[in-house]
Visitor: 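So that we are looking at the same thing, I have put the structure below in structure tokens.
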Amino acid sequence: MIRGLVEARAAPSFLLMNNIHTLILSRRIKEAAPEGRTISHATKRIGLRPSTNKEITACLVPICSLYGAAVTTVEGVGSIKTRIHPVQERLAKCHGTQCGFCSPGMVMSIYTLLRNHPEPTPEQITESLGGNLCRCTGYRPIVESGKTFCVESAVCQMKGSGKCCMDQEERSFSDKQEKICTKLYNEDEFQPLDPTQEPIFPPELIRMAEDPNKRRLVFQGERTTWITPVTLNDLLELKTNFPKAPLIMGNTTVGPSVKFSNKFHPVFISPLGLPDLYFVDSTDDGVTIGAGYSLAQLNDALQFIVSEQPKEKTKTYRALLKHLRTLAGAQIRNMATLGGHVVSRPNYSDLNPILAAGNAIINLISKEGERQIPLDGHFLERSPDASLKPEEVVLSVYIPHSPQWHFVSGLRMAQRQENASAIANAGMSVQFEEGTDRIKALQMFYGSVGPTVVSASQACQQLIGRQWDDQMLSDACRLVLDEIYIPPAAKGGMVEYRRTLIISLLFKFYLRVRQGLNKMVTDLSGSLGVPWHVTHIDPQKFPNIPEKFLSALEDFPIETPQGIQTFQCVDPSQPPQDPVGHPVMHQSAIKHATGEAVFVDDMPPIAQELFLAVVTSTRAHAKIISIDTSEALALPGVVDVITAEDVPGDNNHQGEIFYAQNEVICVGQIVCTVAADTYAHAKEAAKKVKIAYEDLEPRIITIEQALEHNSFLSVEKKIEQGNVEQAFKYVDQIIEGEVHVEGQEHFYMETQTILAIPQEEDKEMVLHLGTQFPTHVQVSGSLNVPRSRIACHMKRAGGAFGGKVTKPALLGAVCAVAANKTGRPIRFVLERGNDMLITAGRHPLFGKYKIGFMNNGVIKAADVEYYINGGCTPDESEMVIEFIVLKSENAYNIPNFRCRGRACKTNLPSNTAFRGFGFPQATVVVEAYITAVASQCNLPPEQVKEINMYKRTSETAYGQTFNPALLRRCWKECLEKSSFSARKQAAEEFNKNNYWKKRGLAVVPMKFTIGIPLTYYNQAAALVHIYLDGSVLVIHGGCEIGQGLHTKMIQVASRELNIPESYIHLPETSTITVPNAVFTAGSMGTDINGKAVQNACQILMARLQPVIRKNPKGTWEDWVAKAFEESISLSTTGYFKGYQTNMDWEKGKGNPYPYFVCGASCSEVEVDCLTGAHKLLRTDIFVDAAFSINPALDIGQVEGAFIQGMGLYTTEELKYSPEGVLYSRGPDDYKIPTVTEIPKEFYVTLVRSQNPIAIYSSKGLGEAAMFLGSSVLFAIYDAVTAARRERGLTKTFTLSSPATPEPPNAASPASLVYAGHPIPSF
């Protein structure tokens, strides 16, 4: 359905997202990253021509820019109320959605692609998803849903015969009778895509666009004016009258500066759609492209030119195309323009250095006439004499063809392969004197190494006339480093690494040119068919580069991932109606895909609702001298400022302080909040609150500082077996080492969001929020009322991962106090930056080990110490360190073993629960010392792992019995089915033949424990109603956070009641219906709540049995009706007391966990030793799932956890200042994996076993695979070890996490490039 919308008061400051929320009351556009650079906001714009379909990001698009445009949101694509679109259906049925918060954006990306390309290629699917982030799924099923629209066969062709590599005869491992399944959905259920059924472009908008009498548009706001000219002369006149007014096209530069840097512009001029700015003019010498072309249109134009022109003329164009593929995401490329990108001159620009190297020219125009300026170093370095005049406008950019004997390259290195600003980039070109390798002209431009793009002009000038040889390269490296100085305190840090990259990128360019010269001369001689003495060009003078160096020229390709998911098929004798064991779609998946799943901020506005903005501490440890709120209270729309004085009850719950009082103990602590009629007013007023501080000592930021000051949150936890000190006396070797594992941000897509509604009577308060622990949010003490007066409602959360266990209680109390004081509903939505600042994340860990072992690799003694950075308050830190100590063995049985751990108290925001709960950090230390032992013994790591692995039923170091049969089975299957030995040999062969690229493989075993050592944290309750029509309502205490808990509970109820799933409804989690529920964490959600639901259903079925016996052929509806007539209660509670667990810390012994989950993972990577970049080639995962209640959900949890773990170990880096200020406060600075980071080949197997203690013999898999992501870390280590060994560096080196490419991390291969290890000559 298409409907026209009129906004009578369109303000220039209004963005599309805000207007859609308010104008049509649609909140289906989700804002997970307000920078607009990393996630689609579920919006597609169809431009002023019917043929133009492009996806945009709603959080950056000004509403005024959309005059005359057709905008389609996800609700316009399809709806459960009308008809869902095939894209939505397939995303849901392919299990490409978990929490669902990112799903509308994924739908819009694929939908837009299909509107332009109804039969896309897999590569186009992957590219279309590049601007989106997902924290839950691991991306694989999302890509797979898109690939169902591709014409190419989806059948695995790895055997070359069309047969699947996972066919039955190869996949039977332990029992030849077991039937293995590899398909999680049925393509036959998909409705076909019919492009003819898509909505047409509104004819009235076409008529508007073609109206010859169009007039200038003016939108007047409270403080700003938006003007849209209709002719070029009109634009020039406006620019003359308002020379300081920015030109707005895509708003990708001005928008963020206004939104995040508080830039103010009284006038905006938007020439969007002005025909004079949209053209391509190709001549014999080059191409001129209009400044209004978006980067996506630029890409299309260059693709066409490259296809039409001889290859030697298109070197600049091809260099630009390579970088356009990875620049930002598709949404931003659709919005950002060539002219805007060029003239804004960002220091991190990937395109401007190439344009400069290609001798591009900027065509300018003003009322005074036209002129040209070269896009060169003077322009990029913002020299005043090379910049635009205030009244000038960029009309177009001219890019000349590349002449013969001219080479152009673009090079870059970023934290991620795409959608990440470069750590360093370069555009380089060289022109040779014809027929020689003598330099005639040389240009080198570097980005991200200074405040502007910088030119190495002096170095280039000194190299003119030199031959392109090794000596020139050596001199060039020295000259460039002398010229480009990066100060030690440079913004963004990584100074030494950036210096290394300057040389690495230059070396890559040198090699490319060497190869290019050789090829050109060879081709020239071949095409002429004459000997060299006739052409005077001797091919011998243009030698090719050594074959071992060829791999240095190749960038890692962006490829579409593929994989197979293997699980146990359901027993054929199981009743067809029984859904247990089947890959059932998530119960909200369709609603996720249509955007109709309601999250807290999707709830409609409430009468008199206020918005809350926080004022946080800017000091790590200081006394509060005063808080001045007068200026804030005077601003329009501000209702009140709430401080600690306004808390009617306790301002402290279990050590967590709601509003800072008297002193602050970390940067980011909430000092006060501002309540106002709009969030914009609240946010503006929060900036006006003035707080005076007096710094206090000590200020403790790091673990090392905490140890120095003896600052701890808890007592030491310890387990020990054998006699460690005695054992050290009788070993062949002893090694000691230290390992750092840095923290991790949860980066759930939905930031912390709370809606607090004070009630009219009895001081009641209703809270709607996304949480894992509704009971904990009933912090009634802050309001000084009983818990029974506070009702917490939890429908779903847009991701949580542990970050919504304790933190919502703190924020809920802050919000409830504000609602209590104002007497009005409060909507409290944290912006991404504040969420990251306030809520913190995974505990950083510092591990120390001393290991005694024999020369054959057998470890006899281990003494391990762990310290974690808990932050400023207790939160979950004591339990995290307990888990770390208890799980510190991993899969290894070391006869003399001691582990100690403590949580450190620092002046950082308190770290909290995170998926894996300490295990992913602790076991990296374990695998690190196992790998170090292997290195010392000159043995393969996998051999040392197997030597020391549990072999028979034994007691752990804390006295719990463990049977390693499943551990060893997963280990053996992983080695065999991943073809580990053959691939290891192949990697070694690859490494022999490639000097600058190395491959590495690693396999890691896992012994993970489920549950909590305290029995009362394992209890659960449920409430089940049967209604007169036979429908069933199921409520339990668990929270739906994307893991599919509600779906599994419906499966349980369906089996127990023997009714179809369609009969069962599960509405929400609420403290009203199920009180005192424990948190949904520890992989226990299905275990405990499933038992409670099962108990309730069995009670009801027992009540119905007399009725059923009397009428065995009756229907469910008949039995229910009869039971009611006989006054049989059709409602009951169910209860599960919990697993009986215990741990005595005084003795260091106990049975703290109900059962184990075992597994193994093998990963293979390829590493670029010049830059430190790596590519994950393949991952095989084997996890003991026992009997999976829902293989689709369980595999989704395994894949999602693995990718999240891979992020922890490789790309995700939190950076703090020495003063405790978090630098990484958004997607620009904090890089979670994108679709291009997942394995090229991704194989997951759920291993079948028995677990009689759990419901239906299942196991909890939500957290276990997080640690398996470390197989990528150790594969990188293996590759770097190979590189070091080849260079004569055989000493065992320290491994830390994350293994970012930046030195001085010794695991970084880039550390081999320059400092002390010069680039070799040929």
Side-chain angles (χ1 to χ4, degrees), residues 719-721 737 739 741 845 847-849 851 853 857-859 861-866 880-901 915-934 941-951 954-972 974-975 1002-1010 1083 1152-1153 1155-1163 1181-1184 1201-1202 1205 1208-1209 1263-1274 1277 1295 1297:
I719 60 172
E720 186 171 5
Q721 70 177 4
V739 177
V741 182
L845 177 143
K848 300 168 66 175
Y849 61 79
I851 310 298
F853 56 97
V858 174
I859 298 175
D863 190 4
V864 187
E865 294 178 67
Y866 289 115
V880 169
I881 200 66
E882 289 177 355
F883 273 51
I884 284 173
V885 171
L886 289 172
K887 302 185 183 195
S888 57
E889 298 177 317
N890 192 20
Y892 309 108
N893 188 10
I894 299 172
N896 303 284
F897 181 85
R898 177 168 61 219
C899 179
R900 292 165 286 178
R915 195 179 205 167
F917 215 72
F919 183 77
Q921 302 101 292
T923 39
V924 164
V925 179
V926 179
E927 295 301 312
Y929 67 65
I930 292 286
T931 303
V933 168
E942 59 276 9
Q943 184 177 334
V944 175
K945 292 176 184 185
E946 188 152 357
I947 288 171
N948 292 285
M949 199 179 295
Y950 274 92
K951 296 178 176 62
S954 312
E955 283 193 354
T956 64
Y958 51 87
Q960 185 163 1
T961 301
F962 171 62
N963 182 346
L966 288 168
L967 168 66
R968 301 193 67 84
R969 177 182 171 190
C970 289
W971 173 259
K972 184 178 180 182
C974 188
L975 289 174
V1003 58
V1004 297
M1006 176 186 71
K1007 173 174 67 72
F1008 187 74
T1009 50
I1010 297 297
S1083 303
Y1153 301 108
Y1155 61 85
F1156 298 87
V1157 171
C1158 298
S1161 174
C1162 171
S1163 290
I1181 297 174
F1182 291 78
V1183 176
D1184 160 35
F1202 174 85
L1208 164 67
Y1209 300 123
E1263 297 178 284
M1266 187 90 195
F1267 162 69
L1268 296 180
S1270 69
S1271 61
V1272 181
L1273 173 69
F1274 288 98
Y1277 179 90
L1295 178 71
S1297 169

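The figures that follow rest on heavy atoms only: side chains count, while hydrogens, waters and symmetry mates do not.
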Visitor: Step by step, work out the side chain to side chain contact (heavy atoms under 4.5 Å, CB included) result for Tyr849 and Val739.
Guide: CA-CA 9 Å; Tyr849 61 79; Val739 177; 3.9 Å; yes

Visitor: Taking the side chain as every heavy atom from C-beta outward, state whether Leu845 and Val924 have any atom pair closer than 4.5 Å.
Guide: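 When only atoms from C-beta onward are counted, Val924 and Leu845 do not touch, as no gap falls below 4.5 Å.
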
Visitor: What distance separates Met1006 CE from Ser1271 OG, expressed to the nearest 0.5 Å?
Guide: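 It is 11.0 Å, given to the nearest 0.5 Å.
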
Visitor: Are Thr1009 and Lys887 close enough, and set up right, to give a side-chain hydrogen bond (donor to acceptor under 3.5 Å, both in side chains), and what steps lead you there?
Guide: CA-CA 7 Å; Thr1009 50; Lys887 302 185 183 195; 3.2 Å; yes

Visitor: Do Tyr950 and Cys1158 have side-chain heavy atoms sitting under 4.5 Å apart?
Guide: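 Heavy-atom side-chain distance check fails, nothing below 4.5 Å.
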
Visitor: Using the rule given for side chain to side chain contact (heavy atoms under 4.5 Å, CB included), can you reason through Phe853 versus Val944, listing the C-alpha separation, both sets of side-chain angles and the distance that settles it, and then say yes or no?
Guide: CA-CA 11 Å; Phe853 56 97; Val944 175; over 6 Å; no

Visitor: Can a donor-acceptor pair be found, under 3.5 Å and without considering hydrogens, that links the side chain of Asn890 to the backbone of Pro1005?
Guide: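 Confirmed, Asn890 side chain pairs with Pro1005 backbone.
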
Visitor: Using only atom types and a distance under 3.5 Å, with no angle test, would you say the side chain of Gln721 pairs donor to acceptor with the backbone of Ile894?
Guide: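 It does hold such a pair.
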
Visitor: Judged by atom type as modelled, is there a donor-acceptor pair below 3.5 Å linking the side chain of Asn948 to the main-chain atoms of Gly857?
Guide: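 Such a contact is found between Asn948 side chain and Gly857 backbone.
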
Visitor: Decide yes or no on side chain to side chain contact (heavy atoms under 4.5 Å, CB included) for Ile859 and Ile930, but give the supporting numbers first.
Guide: CA-CA 9 Å; Ile859 298 175; Ile930 292 286; 3.5 Å; yes

Visitor: Quick one: does Gln960's side chain get under 4.5 Å of Leu886's, heavy atoms only?
Guide: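 Counting from C-beta outward, Gln960 and Leu886 never come under 4.5 Å.
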
Visitor: Is there a side chain to side chain contact (heavy atoms under 4.5 Å, CB included) between Ser1083 and Val1157? Walk through the geometry before answering.
Guide: CA-CA 10 Å; Ser1083 303; Val1157 171; over 6 Å; no

Visitor: Is a salt bridge present between Lys945 and Glu927, judged by a nitrogen-to-oxygen distance below 4.0 Å?
Guide: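 Yes, this pair counts.
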
Visitor: With sequence neighbours left out, write down each residue that passes ring pair (Phe, Tyr, Trp, His ring centres under 6.0 Å) with Tyr1153, or none if nothing qualifies.
Guide: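 Result, ring pair (Phe, Tyr, Trp, His ring centres under 6.0 Å) vs Tyr1153: Phe883.
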
Visitor: When the aromatic ring centroids of Phe919 and Phe1008 are compared, is their separation below 6.0 Å?
Guide: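 So the answer is yes for these two rings.
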
Visitor: Can you find a heavy atom in the side chain of Val1004 that is under 4.5 Å from one in the side chain of Phe1267?
Guide: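 They are in side-chain contact.
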
Visitor: Verify, without hydrogens or angle tests, whether Tyr1209 (side chain) and Pro920 (backbone) share a donor-acceptor contact under 3.5 angstrom.
Guide: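 Pair found, side chain donor or acceptor close to backbone of Pro920.
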
Visitor: As an exercise, state the distance from NZ of Lys951 to CG of Leu967, rounded to the nearest 0.5 Å.
Guide: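 These two atoms lie 10.5 Å from each other.
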
Visitor: Can you list everything that forms a ring pair (Phe, Tyr, Trp, His ring centres under 6.0 Å) with Tyr866? Sequence neighbours excluded, please.
Guide: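 Partners of Tyr866 by the ring pair (Phe, Tyr, Trp, His ring centres under 6.0 Å) criterion come out as none, since no residue qualifies.
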
Visitor: Answer whether the closest heavy-atom distance between the side chains of Tyr929 and Val864 falls below 4.5 Å.
Guide: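 The answer is yes; the side chains approach within 4.5 Å.
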
